[in-house]
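Quantities reported herein were computed from a predicted structural model and do not represent experimental measurements. Counting starts at 1 for both ligands and their atoms, following the listed order.
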Amino acid sequence: MSPDICDSTVKPLTVNDLASMKKRGEKISCLTAYDASFSALIDKAGIDMLLVGDSLGMVVQGHKTTLPVTVNDMVYHTRCVSKARRRAFVIADLPFMSYATPEAAAKNAAKLMQIGGAQMVKLEGAHADIISFLVDQGIPVCGHLGLLPQSINQLGSYKVQGKEPAAAEKIIADAHQLQQSGAGLLVLECVPAALAKEISVQLAIPVIGIGAGVDCDGQVLVLYDMLNIGIVKRPRFTRNFMQDAATIEDAIHAYHQAVKQAQFPTPAQSF
Ligand code: KIV
């Protein structure tokens, strides 16, 4: 049987649907996915967005960081994921150094969309110039602020960002700048819950948190962390959803429900 699922009764979510969800106060659920089988399972559970994250470098390829991930790796996994999804919105990460110039960013984003089937690309950092260049070419972009895993060699460790007032102000200013440059979504990683709440309230675009408290417009987790099958230590901001689940499907469904009902994350998984 072909892995392509062609069901004309299910309409894939669009960037407008996600914006409407924020407007009506409906939380947006998102999980990372890297292959067709998990993509289909996550989609079936009703999760709103699938992020083909460059975290695949760590959880699939076994690297210590996300830096070795290539554009070709991302295209391959994005294609696997987008073939099997029916409703969920598909976002793909632009990997390390693939968006160093606007031209490189556009060329690589085009590959993720044309070959991979992504509906949006995500890039890390306050790169308003790159984002507006991509948006001008008709490429939807998701920004990513807070902890930036691709900058691990500058950061030294995976630690909470924006704890000091000056650092928090910088993240708020960057978030506004990304929105102004045309970003359609923003991922906030590992920042204090109060800061994430402030940004989520101030921005018109949906803000998706990971380690950023319950008041973001949506939540994302690395799939292998929430299934407790990571090869590295599970970060504090995740939850083992397999603990009370009989099957993987049940665990994903429980995560989806917890996000929709603002029951995840709790203060125990927040900073
Ligand atoms: O690569 C990834 O999985 C991500 C999430 C951690 C947001 O960027």
For K122, which of I91, L94, V52 qualifies under side chain to side chain contact (heavy atoms under 4.5 Å, CB included)? I91
Between Y224 and F38, what is the ring plane arrangement, given parallel below 30°, perpendicular above 60°, and tilted in between? tilted
Suppose I only count heavy atoms of [X] and a 4.0 Å limit; which atoms of ligand 1 are within that range?
| X | value |
| --- | --- |
| G53 | 1 (O), 2 (C), 3 (O) |
| D54 | 1 (O) |
| I210 | 6 (C) |

For atom 5 (C) of ligand 1, the option (of L51, V220, L31, L123) bearing the nearest heavy atom: L51
Please find the pair of heavy atoms, one from Q269 and one from T238, that lie closest to each other, and give the distance. CG-O, 3.6 Å
For T32 and S55, work out which heavy atoms get closest and say how close. CG2-OG, 4.2 Å
Examine [X] against ligand 1 and note whether any of their N/O atoms are separated by less than 3.5 Å.
| X | value |
| --- | --- |
| T32 | no |
| E189 | no |
| K122 | yes |

Do NZ/NE/NH1/NH2 and the carboxylate oxygens of D217 and K22 come within less than 4.0 Å? yes
Does K11 come within less than 4.0 Å of D17, counting only side-chain N to carboxylate O? no
Supply the atom-to-atom distance Q119 CD to T14 OG1, rounded to the nearest 0.5 angstrom. 8.0 Å
Mind checking whether D93 contacts ligand 1 via backbone (N, CA, C, O), side chain (CB onward), both or neither, at a 4.0 Å heavy-atom cut-off? side chain
Quick one: nearest non-hydrogen protein atom to atom 3 (O) of ligand 1, plus distance? S55 OG, 2.6 Å
Report yes or no: does a heavy atom of H144 sit under 4.0 Å from some atom of ligand 1? yes
